[in-house]
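Okay, so here's the structure we're looking at.
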Amino acid sequence: MKRLSPFMIGFLVVAAIAVVVLGMRVESAILIALFFSTLRQTTPLLLTALGGMFSERSGVVNIALEGMILFGAAAAAISVERLEAPMLAADPLARSAWIPWVGVLVGMLMGGLVATVYAIAVIRYRAEQIVTGTAINLLAAGAPPVLMQALYNTTTNSKEVENRLINIPIAGESISPLVFLAFLLVPLCWWVMFKTPWGLRLRAVGEQPEAADTMGINVYRMRYTAVILSGLLAGLAGAYLSVGFLNQFVKNMSAGQGFIALAALIFGKWHPLGVLGATLLFGFFRALAIQLQGGEVMPSVVVEAIPYVLTILVLAGFIGRSRPPAAVGKPYEK
Amino acid sequence: MMRYLLLAVNFVVVLLMAIAPWAVLKREFGGVGVLLTPFDLVNPQNLELPAMNTGWATPFFWIWALLVLGTSVVLFLPDARTRARLLYAIGVVGLALFAAEAIVFYQSVEAINGPALEAGTSPRRLPLRRFSLSLGAYLGVFFSLGMLILARLQLPGGKAFLVRYRGVVVPLVSLLLASFIGALVVGFIRPGLGAEGKVLPLLDAVATKLDLVTYTFQLLFSPIISLTGWFQSLLLATPLIFTGLAVAFGFRSGLFNIGAPGQLTLGAICAMVVGVYLPGPGWITLPLSIIAAALGGALWGAIPGWLKARFGAHEVINTIMLNYVAASLFLFLIASNEYKFFGATVHLPFKAEGFEARSNEVREGSRIPLMLDLLVRDGHISWAIPLALLLGLGVYYTQRRADLSRRLLISGAAVLVGYAAGGFLPGPAVELTSALTSSRFNGAFLLAVLALLFYNFYLFRTPGGYELRAVGLAPKAAEYGGVNLRSKIVLAMAISGALAGLAATHYVLGGGVDEYRLKQSLPTGVGFDGIAVALMGQNTPIGISLSALLFGVLLTGGLDLNQQLAISRELVTVLQALIVLFIAAGGFLPRYFIDPLQAAQVETEARAEQEDHERALIGRAG
């Protein structure tokens, strides 16, 4: 396992200090709110970045994560709304525990489906990965509004659902069960990636596909699996946004979180623990930006830009060096 | 194998012709209409229809059925030359049939509308309105064109013929595939026109669905038949030309500039700063504002270029990140004039008075005039600009043989002559409709034409452009040839950024949306649309202008689609995305359409085959 860069740790420490310093000047209630807000903001980034890690470790750049989140979010919200409609028509106060989970599942599958289309284009037809990813993102900007216009007669948002995921109460706040799931996935992904034969094969395919092929590994199948896995997780992140965090789909609701996740992936050096650190940091900045709105410390638009600037600095090597998998972005030809 | 596939296609064509509407005799605003199928008149909403000639569709259908049957037989003939000849004949006959259908249809409509018009009915209240031919008739055109291509394929070198024009074939195939999927989506999400909340017989239901799909595409392409439509389409195409050129310039240099939205934003900010705050006469401040837009974009493009050249950081991630940084900066400048950093207050001058986040208005002198004001002087059409453009471009393209500097010089002179002559020519008086005067189509379009010329000129006619293209095709070979890779990367990204930045002139200086200022509604997404334009245009100047125009038309038609059929205009975005996806995947065509080496091999083989054939002919004669 590669060590995390000292700078990465340094940043986490700085962030922690910032929290404490802010905490001395503000009441602890705000601090607690900031903590939980950070968890909520981190969750979609973490889920997406972990998925992206599989894809990129297998040698497929996944710039389409943003689009997969959006498709997942739209599918989850719309399926929940369609499922609960007959029930609510009978009894407006009826609630169901399983409907939102079906929505989450549909969101995941939608993400997986879109990822399959992406995978077929870039693996089977060796399409340029960045161009194809951009096409998927463009599709995700256009397709949900077309569908919503037909279903709800508006392109901007879906109908609000009554059955959203039920939050788990903790310390006076409440957070979605998907938050726990996201953080539990980190050790699982680490184990899969570094302690199982499958993980070893995946990394081999991303570093040296020819060598892996010689050893009898099916490069195409590994890449298909990895890309579809990334789609499932991005779809889950989308479902979290639409039926966990909010209760409807809003046009372009991911607002670049797929790209931030991609940045976190680079920042975290394609490693599950690094990804955890990076997404926590970026999630913290997002939470801070919300918390600082209208305050005297710093304009929130400036705070929002920090993750992007940090990523540029990391890529340039100003803060640690980040090396992508060797075969990333290159189609494999047998 | 291929023959049996074509046989299946023929079967589908006949089936579709039998059930699809051939013409729409009359249509209401919401799209509901009276459909004429070969065997039936489908009128789901029981609209009132005068007695008219509707019997023509049936015989035409039977002729087509015979023709398609004939094609199926021809496909199995042993001799390639006979096959080709017959297929050519079928294609020509098909096109003639379509022309006959059109004539018969429009005469039958005229027979009803003509007397009504003479009787004094206002053109808006004629008995037949919004009539048109429909899918069944259009299918014939597509079938005939397909047969003409198929005929060429039967002859020696047929495959090489398609491969040689792969720059046109791949985008067109992708466009067709995308339209097909778009049609499926439309058919899936909307009930057939007039079939809403009704149970129709199966065949009628299918006919109304096919009518819906056809009408959707008719609406999308409808702007090309009206002057207002052209104005609006060119208005929407203007920024697409800029961003398409920006992306294409990157592609040609081997770089993927996905940062056009950010570069456009920076261009807008710089154009606003110069346009609002620089005092002076318009003929100085306007060019300076335009240059500022280019410089702002160039700066934002050069940053990722420098990061790549200096540190090897991939430009794709960096341009995406810079898009978001630019968006934050944009909001920071126009959202408020007072910010607090750790308690200290910082003042900015940019935000205008009022609640809305927007900058001050650009000074009158620094605005780009509206196209209408350039084209029409005192109620008379002025030929100055059209003639200047026409002469300049005409001379530039006809003087291919001339030495470059000479060529530019005489084209420049031709522009001046055209402008002067056009100014003196008397233009006819015109009555301007309110739709035309309210159009925001402005002089930024002329800048876009200049940018197209610059792209063509710089990349393909100068040593610097040659070096950039060399870097794009084979960086190592270019470096070995003495090109400084690092400086070329920065330069390429800067020029690409400048082109994207110039798109901002359309919005900020030309008031392309509504006002001459920065607003939150600045449509930076056209930066991404530029990718579709560049791919569809295959990075050639003519291709980019045509594909920008195509998307401009579709976006304009999308407005009608929204109003009349309640289908979201975002359908055009879906089509764009699908086109990009399919072009990236090579239109799902065989590998030799995408790989230049394999394409060259196909052409070489074809040439050898051709020579063998000729030698055999000579041998036979001898």
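To find a chain, count down the sequence lines: A is the first, B the second, and so on, and within it residues start at 1.
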Given the options Ile312(A), Leu262(A), Val61(A), Ile130(A), Ile317(B) meets side chain to side chain contact (heavy atoms under 4.5 Å, CB included) only with Leu262(A)
For a quick test of reading the model, state the closest non-hydrogen atom pair linking [X] to [Y] and the distance between them.
X         : Y         : answer
Leu138(A) : Thr573(B) : O-CG2, 3.6 Å
Pro299(A) : Phe332(B) : CG-CE1, 3.9 Å
Val146(A) : Ser568(B) : CA-CB, 3.9 Å
Ala141(A) : Glu570(B) : O-OE1, 3.9 Å
Ala135(A) : Ala577(B) : O-CB, 3.4 Å
Ala584(B) : Thr132(A) : CB-OG1, 3.7 Å

Validation row: [X], [Y] side chains within 4.5 angstrom (heavy atoms):
X         : Y         : answer
Thr134(A) : Phe256(B) : yes
Leu581(B) : Val117(A) : yes
Leu322(B) : Tyr308(A) : no
Phe251(B) : Val131(A) : yes

Surrounding NZ of Lys308(B) (heavy atoms of other residues, nucleotides or ligands, distance under 6.0 Å), is the total greater than 12?
yes
Could you tell me which portion of [X] (side chain, backbone, both or neither) has an atom closer than 4.5 angstrom to a non-hydrogen atom of chain B?
X         : result
Leu151(A) : neither
Val302(A) : side chain
Val122(A) : neither
Leu139(A) : both

For chain A, the option from Tyr324(B), Tyr339(B), Phe188(B) that forms the most heavy-atom pairs under 4.5 Å
Tyr324(B)
Heaviest contributor of heavy-atom pairs below 4.5 Å to chain A, chosen from Ser328(B), Ala335(B), Ala344(B), Ser336(B), is Ser328(B)
Heavy-atom distances under 4.5 Å only: say whether [X] touches chain A with side chain, backbone, both or neither.
X         : result
Val316(B) : side chain
Ile531(B) : side chain
Ile583(B) : neither
Leu535(B) : side chain

Could you check Thr155(A) against Arg569(B) for side-chain contact (heavy atoms from CB on, under 4.5 Å), going step by step and ending with a plain yes or no?
CA-CA 9 Å; Thr155(A) 56; Arg569(B) 193 187 177 204; over 6 Å; no
Sorted by chain and number, sequence neighbours left out, ring-ring contact (aromatic ring centres under 6.0 Å, His included) with Phe528(B) holds for none
Can you list, pair by pair, the side-chain donor-acceptor contacts under 3.5 Å of residues 585-598 of chain B, counting residues two or more places apart and other chains?
from      : atom 1 : to        : atom 2 : distance (Å)
Arg591(B) : NH2    : Glu333(A) : OE2    : 3.3
Asp595(B) : OD1    : Leu597(B) : N      : 3.2

Quick one: pull up CD in Gln149(A) and CG in Asn562(B) and give me the separation to the nearest 0.5 Å.
5.5 Å
At what distance, to the nearest 0.5 angstrom, does CD1 of Ile260(A) lie from CD1 of Ile320(B)?
12.0 Å
